[in-house]
Protein chains: 4
Amino acid sequence: MTQIDEVFVSPATGRPLTKRGEATRRRILEAAEDVFADLGYHEASIVKVTERAGVALGTFYLYFDSKQAIFEALVIDLNARVRQSMTESMAGATTRLEAERGGFEGFFRFTAEHPALYRVVREAEFVSPATMRLHYERIVDGYAAGLRAAQSEGDIDPRLDPEVAAWALMGMGELIGMRFLLWEQDSEGAKPTRIEPGVFDAMMLFIANALGSNEQRKGEAS
Amino acid sequence: MTQIDEVFVSPATGRPLTKRGEATRRRILEAAEDVFADLGYHEASIVKVTERAGVALGTFYLYFDSKQAIFEALVIDLNARVRQSMTESMAGATTRLEAERGGFEGFFRFTAEHPALYRVVREAEFVSPATMRLHYERIVDGYAAGLRAAQSEGDIDPRLDPEVAAWALMGMGELIGMRFLLWEQDSEGAKPTRIEPGVFDAMMLFIANALGSNEQRKGEAS
Amino acid sequence: MTQIDEVFVSPATGRPLTKRGEATRRRILEAAEDVFADLGYHEASIVKVTERAGVALGTFYLYFDSKQAIFEALVIDLNARVRQSMTESMAGATTRLEAERGGFEGFFRFTAEHPALYRVVREAEFVSPATMRLHYERIVDGYAAGLRAAQSEGDIDPRLDPEVAAWALMGMGELIGMRFLLWEQDSEGAKPTRIEPGVFDAMMLFIANALGSNEQRKGEAS
Amino acid sequence: MTQIDEVFVSPATGRPLTKRGEATRRRILEAAEDVFADLGYHEASIVKVTERAGVALGTFYLYFDSKQAIFEALVIDLNARVRQSMTESMAGATTRLEAERGGFEGFFRFTAEHPALYRVVREAEFVSPATMRLHYERIVDGYAAGLRAAQSEGDIDPRLDPEVAAWALMGMGELIGMRFLLWEQDSEGAKPTRIEPGVFDAMMLFIANALGSNEQRKGEAS
DNA sequence: AATGAATGAGAATTCATTCAT
DNA sequence: GATGAATGAATTCTCATTCAT
């Protein structure tokens, strides 16, 4: 589940986990993702998580200190994965606009598959503000770096403030994803796996304008 | 507190409220705004609300059916007021971009004065999804209408989808407000009353680009 | 139950209790005394206390902050009462030895009727050390004062250190009470209501010797 | 750790312990003494004991049946050792009063070095009453025998009831030790290793009086 | 209209004990 | 002999809601 090889220690004993322990920890974390996604942080309970994971209640506390602790672990884990998903989708892009398209595709794909991230982060302001900020800041940092690079290559409007733009773009993506992905459902109540292409393209036009990308400016010039 | 003249009825007796009752209801709603802003929805409790309002616990249930009910009443009330704040700030604008600037100023001013709206809406997905959607949709509807009008006047890029753009702009504003208003504090921990001008201008440039406003295009043409 | 007129406030609201509230508080405290006496502090549970008091679980927390808080309230209450019981039994004594006899009679009578004090204090070292010390120190203080007075009247050995003697006498009483009152039971398992006179007298002889009272020295002289 | 050569059997296999097993058992028992002394019986946990002993949790149950079982083993072990400490300190005494002085010195020295005995016994009434009684009774029995012998040698007041006197003296020692040894600490929080001489002497005077020892009566006669 | 005592379901967390490895 | 992951009953405490006064 986690990308980075990391050695977890038992919060109870402080000792590194055995292979068996590692597997149990992963099952609990995966169950927590499901439960948090369905019920949100507050409605979720440790009992529900452990039931879904198929372990006993007490087992939870072998691996996590508290409900808040697993929330934090989950956010950090999901955050690493959504960024990886975005990075992968951006590979091969030759212009910033292609990178944006790829990045948002990766972001929305991940969101459709892992609604937990979304839902749980949005209600986390009072649960674990530091973790919530960490989540946003890690995304913004990478994003702003990408914009800065594009600026130095003359690919986007040099007047933009990369950090402000990054926050703006992330906010955009968050609400567009919420509205056109998570809230959307067909006549049978099924959730879509991706944003409707028309909407996605409309969003990309908005972004292209905002970044004043070369592609865009060429388009306008013609 | 509420702008629109509305006749409330007691959930207990079903009869319209007297003047005294109306005043008590208002005090409770105002207290709830404070408490929800400080603690968020889940940490807030009815006892804390009634204590802050200076009424007895039981009095709460004379005016509201439940914790969720006051949350809904509060969101609807705040939503009406934030929209009014935005509308007022937009008055006199002659271009869409001026309207945007005014609208965001109004939005951020209201946010600084009433953080409850922000905080409580963001954790409400599982509390009262319908109310949360209502909040966003009411803003988006007005916003999209404004964009549509600007398009028909040739003031902004005619290719934009007004609804998608409205969601994008609202998301932008939400995260920019969170990051540069609510999270910001000076060395003594005091929260700013407005977004730093440089950031605000950077955001406006982003928006100007995005909307492809006439002003903007003229600027680029030169 | 409590001797001193005291105004209790609800730990929840901080307001003084109504008459009804005062009665409930008393019932809970009395139930706690019974449960603590039967089971000790650690085996006792809030549920058991409220069941015995005939109130709902949540009601407990209207009157006491925690299990430890009711323990402390109980110790302070019992302490005031055992001292009163001792004082009353000492009234009318004309010599220190008569006062001692009266004091121990009062102490043992109270112990037989309220074993909670005894049992709960002895296991309190790790629960609430401050309260435990308070209990012992309040008794010792009064005791030492009595001894000092008797010394200045030439009634007991002037060489004794009153404070050390007071601790010694209290320890004596504690173990004698434990052994010959609380541990004792007849063939049907019933606990005695008082210490067997022979034992009591033997203890009094020991004390008379220890204090080197005039009575005693006259006795020895003859 | 244990003085008496005793053959322990594993509660798991029922077979006598090997040398290695015996060492492990001893380490666990010593760890338990430390943990119980620091935290008391109820706050102590098997995990903490095994951690302090440097063995795995499961190992505990190879040597002891339960938490209560190790408590009982510990009390019995400490009881044997405190009595030995007292006996050693009494060796060479030529009068009962010298024996008393020695006995209390031994008792307090042991208490200062092994506070576990004290602390754990005092909260054990509801954990293992039989063991608690055994502890007190074993001490009293020896004590009473010593007093009886002194009486038959005309060394102390013949009218005293040896058993009652033994309980009285033990209670005295318990509270004096608690107050002037365990509760005492210097300005840096360090615990004393012995009772302050003035206090000890004051206590001995009290005892001398109580026992009506020959020394004492000679002193008074002069 | 207002009060505030009472309720009890539900939550997080602990820890002695078991047992497969 | 030793290990440590797993168990789940039991406990303390919270708080939205009711209702008699």
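Residue numbers start from 1 in every chain, and the chains themselves are labelled A, B, ... in the order their sequence lines are given, proteins ahead of strands. Just so you know, these numbers come straight off a predicted model, no measurement behind them.
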S.K.: Which value, rounded to the nearest 0.5 Å, describes the distance between C/R122 atom CZ and D/E125 atom CD?
M.R.: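 It is 7.0 Å, given to the nearest 0.5 Å.
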S.K.: Can you list the residues that meet the side-chain contact (heavy atoms from CB on, under 4.5 Å) rule with D/A37, with sequence neighbours excluded?
M.R.: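 With sequence neighbours excluded, D/A37 shows a side-chain contact (heavy atoms from CB on, under 4.5 Å) to D/P115, D/A116, given in chain and number order.
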S.K.: List in chain and number order the residues that pass ring pair (Phe, Tyr, Trp, His ring centres under 6.0 Å) with C/F126, two or more places apart in sequence or in another chain; answer none if no residue qualifies.
M.R.: none
S.K.: Could you go through residues 45-56 of chain A and list every donor-acceptor pair under 3.5 Å that involves a side-chain atom there, pairing it with any protein atom two or more places apart or in another chain?
M.R.:
unit_1, atom_1, unit_2, atom_2, d
A/S45, OG, A/K48, N, 3.2
A/K48, NZ, A/E43, O, 3.3
A/T50, OG1, A/I46, O, 3.1
A/T50, OG1, A/V47, O, 3.0
A/R52, NH2, A/D38, OD2, 3.1

S.K.: Return the set of residues passing ring pair (Phe, Tyr, Trp, His ring centres under 6.0 Å) with D/H114 (not counting sequence neighbours), or none when no residue passes.
M.R.: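 Checked D/H114 against ring pair (Phe, Tyr, Trp, His ring centres under 6.0 Å); matches are D/F110.
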S.K.: Dump every N/O contact between nucleotides 10-12 of chain E and the protein below 3.5 Å, one line per pair.
M.R.:
unit_1, atom_1, unit_2, atom_2, d
E/dA12, OP1, A/K67, NZ, 3.4
E/dA12, OP2, A/I46, N, 3.3

S.K.: Rounded to whole angstrom units, what separation is found between the CG atom of B/D65 and the P atom of F/dT18?
M.R.: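 Nearest whole value for this atom pair: 9 Å.
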S.K.: Mapping D/G58 and B/G54 to their closest nucleotides on DNA chain E, which lands nearer the 5' end?
M.R.: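 The residue mapped nearer the 5' terminus is B/G54.
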S.K.: Regarding D/E22 and D/R26, does a basic nitrogen lie under 4.0 Å from an acidic carboxylate oxygen?
M.R.: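 The answer is yes: the pair qualifies as a salt bridge.
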S.K.: Nearest whole angstrom, please: distance from the C1' of F/dA2 to the CD1 of D/I28.
M.R.: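 One finds 10 Å between C1' of F/dA2 and CD1 of D/I28, rounded.
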S.K.: Just jot down the ring pair (Phe, Tyr, Trp, His ring centres under 6.0 Å) partners of C/F36, sequence neighbours excluded, or say none.
M.R.: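 C/Y41.
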S.K.: Does a side-chain N or O of A/Y63 approach OP1 or OP2 of F/dA5 to a distance below 4.0 Å, or not?
M.R.: no
S.K.: Measure from CZ on A/R25 to P on F/dA5 and round the result to the nearest Å.
M.R.: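 Whole-Å distance recorded here is 13 Å.
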S.K.: Start at the 5' end of DNA chain F and walk down; is the nucleotide closest to B/Y41 or to A/T59 reached first?
M.R.: A/T59
S.K.: For C/F60 and E/dA9, what is the distance between atoms CZ and P respectively, to the nearest whole Å?
M.R.: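 It is 19 Å, rounded to the nearest whole Å.
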S.K.: Between A/A56 and C/Q68, just flag the one whose closest nucleotide in DNA chain F comes earlier from the 5' side.
M.R.: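 Whichever sits nearer the 5' end wins; that is A/A56.
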S.K.: Which whole-number value in Å describes the distance from D/E51 CD to F/dG4 P?
M.R.: 11 Å
S.K.: For DNA chain F, report each stem as range with range, ordered by first number, or say none. Use Watson-Crick or G-U wobble pairs under 3.5 Å, at least 3 in a row.
M.R.: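 Stems found: E:2-21 with F:2-21.
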S.K.: To the nearest angstrom, how far is C/I70 atom CD1 from F/dT11 atom C1'?
M.R.: 16 Å
S.K.: Can you list everything that forms a ring pair (Phe, Tyr, Trp, His ring centres under 6.0 Å) with D/H135? Sequence neighbours excluded, please.
M.R.: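 For D/H135, no residue satisfies ring pair (Phe, Tyr, Trp, His ring centres under 6.0 Å) once neighbours in sequence are set aside.
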S.K.: Rounded to whole angstrom units, what separation is found between the CG atom of A/L62 and the P atom of F/dG8?
M.R.: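 Checked: the CG to P distance equals 13 Å.
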S.K.: Can you measure A/R26 atom CZ to F/dA5 atom C1' for me and round it to whole angstrom units?
M.R.: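 Taking atom C1' of F/dA5 as the reference, CZ of A/R26 is at 16 Å.
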S.K.: Taking 4.0 Å as the cut-off, does a side-chain nitrogen or oxygen of C/T24 come that near to OP1 or OP2 on E/dA6?
M.R.: yes
S.K.: Tell me every residue that passes side-chain contact (heavy atoms from CB on, under 4.5 Å) with C/A69, counting only those two or more places apart in sequence or in another chain.
M.R.: C/D65, C/S66
